[in-house]
Amino acid sequence: ASYRLVKTLWDPRTQEELRTRIRSLRADTPARWGRFTCPQMVVHITDAFALYSGELSCAARWTPARYPPLKQAIVYLMPFPKNVPTAPELLARTPGRWEDEIVRLEKALTAFISQRDRTEWPAHPIFGRLSGRAYGVLAYRHTDHHLRQFGA
């Protein structure tokens, strides 16, 4: 099936691609869409990794996206829409010093990747229960979406 072609953070080449793209960011890089500044986006995706790992909790939202086949279609196939509201918990933290936030993001990425063999994953606030495979894809696609927002 075509979903095997979807990039995942469990692939070392994809990990390195993201690290390179993250290092290309600058604090003053303008957004191509949306309201985030580049530092706000970095904090947002850093905190999203904490969400995926269960270190940060967000209130659950009961939507049709919790149920197959829509859940799989969104996680694996559909383009991420622009300007969709996010969980308030992923907007709460104010960016600190740019260099510190980039280091924090790289550490969050590494910590997430180190959990690849985990058997139990926390419920996602929108999608509910996800497999490790689905989290690897979702984490990549969400991060990719925001890096594209800033041309990286």
Side-chain angles (χ1 to χ4, degrees), residues 3 6-66 70-116 121-130 132-152:
Y3 67 88
V6 174
K7 288 188 178 184
T8 175
L9 271 180
W10 307 139
D11 178 353
R13 291 167 301 201
T14 303
Q15 296 164 13
E16 195 49 43
E17 170 209 315
L18 279 193
R19 290 182 202 285
T20 300
R21 291 168 66 192
I22 288 165
R23 290 181 200 121
S24 77
L25 294 169
R26 299 292 169 258
D28 61 353
T29 302
R32 295 177 170 184
W33 74 81
R35 295 193 190 116
F36 279 145
T37 64
C38 198
Q40 288 169 330
M41 179 274 294
V42 166
V43 165
H44 171 75
I45 59 177
T46 300
D47 291 352
F49 282 114
L51 171 73
Y52 309 146
S53 302
E55 298 161 40
L56 175 69
S57 61
C58 290
R61 290 181 37 209
W62 297 93
T63 73
R66 292 183 93 74
L70 185 58
K71 172 164 62 173
Q72 285 77 9
I74 295 169
V75 170
Y76 289 98
L77 301 171
M78 294 169 61
F80 275 35
K82 297 173 182 172
N83 303 314
V84 172
T86 191
E89 296 89 343
L90 294 179
L91 298 173
R93 197 162 62 82
T94 302
R97 214 174 113 245
W98 173 252
E99 295 77 10
D100 296 340
E101 293 299 348
I102 292 295
V103 168
R104 192 170 178 169
L105 172 55
E106 289 183 334
K107 284 182 179 175
L109 175 61
T110 299
F112 176 78
I113 292 165
S114 75
Q115 297 178 62
R116 177 183 183 158
W121 288 86
H124 187 278
I126 294 171
F127 301 113
R129 286 276 159 217
L130 291 174
R133 179 179 182 191
Y135 262 118
V137 171
L138 179 65
Y140 171 77
R141 294 190 70 219
H142 179 251
T143 306
D144 171 69
H145 169 78
H146 285 295
L147 293 175
R148 286 178 192 272
Q149 182 181 9
F150 287 86

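Keep in mind that the numbers below use all heavy atoms, side chains included, and drop hydrogens, waters and symmetry copies. Note that the structure is a prediction, hence the values are computed from the model and not measured.
With sequence neighbours left out, the ring pair (Phe, Tyr, Trp, His ring centres under 6.0 Å) criterion links W33 to H145. In this structure, the side-chain contact (heavy atoms from CB on, under 4.5 Å) partners of R116, at least two apart in sequence or on a different chain, are W10. Taking R21 as the reference, E17, D144 meet the side-chain hydrogen bond (donor to acceptor under 3.5 Å, both in side chains) condition, with sequence neighbours excluded. Among residues two or more places apart in sequence or in another chain, the ring pair (Phe, Tyr, Trp, His ring centres under 6.0 Å) test is passed with F36 by H44, H146. Listed by chain and residue number, nothing satisfies the ring pair (Phe, Tyr, Trp, His ring centres under 6.0 Å) test with F150 (two or more places apart in sequence, or in another chain).
Once rounded to the nearest 0.5 Å, the distance linking CG of L105 with CZ of R19 reads 9.5 Å. Of the inter-residue distances, the one linking M41 atom CE with E101 atom CD reads 11.5 Å to the nearest 0.5 angstrom. We find the CG-CD distance between L90 and Q40 to be 13.0 Å, quoted to the nearest 0.5 Å. Between T46 atom OG1 and R93 atom CZ the span is 6.0 Å, to the nearest 0.5 Å. Atom CD of Q149 is separated from atom CG of N83 by 8.0 Å, given to the nearest 0.5 angstrom. How far CD1 of I113 is from CG of L18: 7.5 Å, rounded to the nearest 0.5 Å.
A salt bridge links R23 to E16: one of the charged nitrogens lies within less than 4.0 Å of a carboxylate oxygen.
Of all heavy-atom pairs between L25 and A152, the closest is CD2-CB, 3.7 Å. When all heavy atoms of F80 and L138 are compared, the closest pair comes out as CZ-CD1, 3.8 Å. In this structure, A139 and L9 approach most closely via the heavy-atom pair CB-CD1, 3.7 Å. In terms of heavy-atom proximity, R66 sits nearest to I126 at CG-O, 2.9 Å. Closest heavy-atom contact between S53 and P122: C-CG, 3.8 Å.
Of the possible polar contacts, none joining the K71 side chain to the L130 backbone as a donor-acceptor pair under 3.5 Å is found.
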- Take D47 and L91 through the side-chain contact (heavy atoms from CB on, under 4.5 Å) test and state the conclusion after the steps. CA-CA 9 Å; D47 291 352; L91 298 173; over 6 Å; no
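Each of F127, Y52, Y140 was checked for a ring-ring contact (aromatic ring centres under 6.0 Å, His included) with Y135, and the lone residue meeting it is Y52.
In R35, the CZ atom is not crowded: 12 or fewer heavy atoms of neighbouring residues, nucleotides or ligands sit closer than 6.0 Å.
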Can I get a per-line list of side-chain donor-acceptor pairs under 3.5 Å for residues 54-64, giving both atom names and the distance, sequence neighbours left out?
residue : atom : partner : partner atom : Å
T63     : OG1  : A65     : N            : 3.1

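Taking 4.5 Å as the limit, some side-chain heavy atom of Y76 sits within range of a side-chain heavy atom of R133. Within the 4.5 Å cutoff, the side chain of V42 has no heavy atoms near those of the R104 side chain. In this structure, the side chains of L51 and P125 come closer than 4.5 Å at one or more pairs of heavy atoms. Side-chain contact between L109 and Q15 is absent, with no heavy-atom pair separated by less than 4.5 Å.
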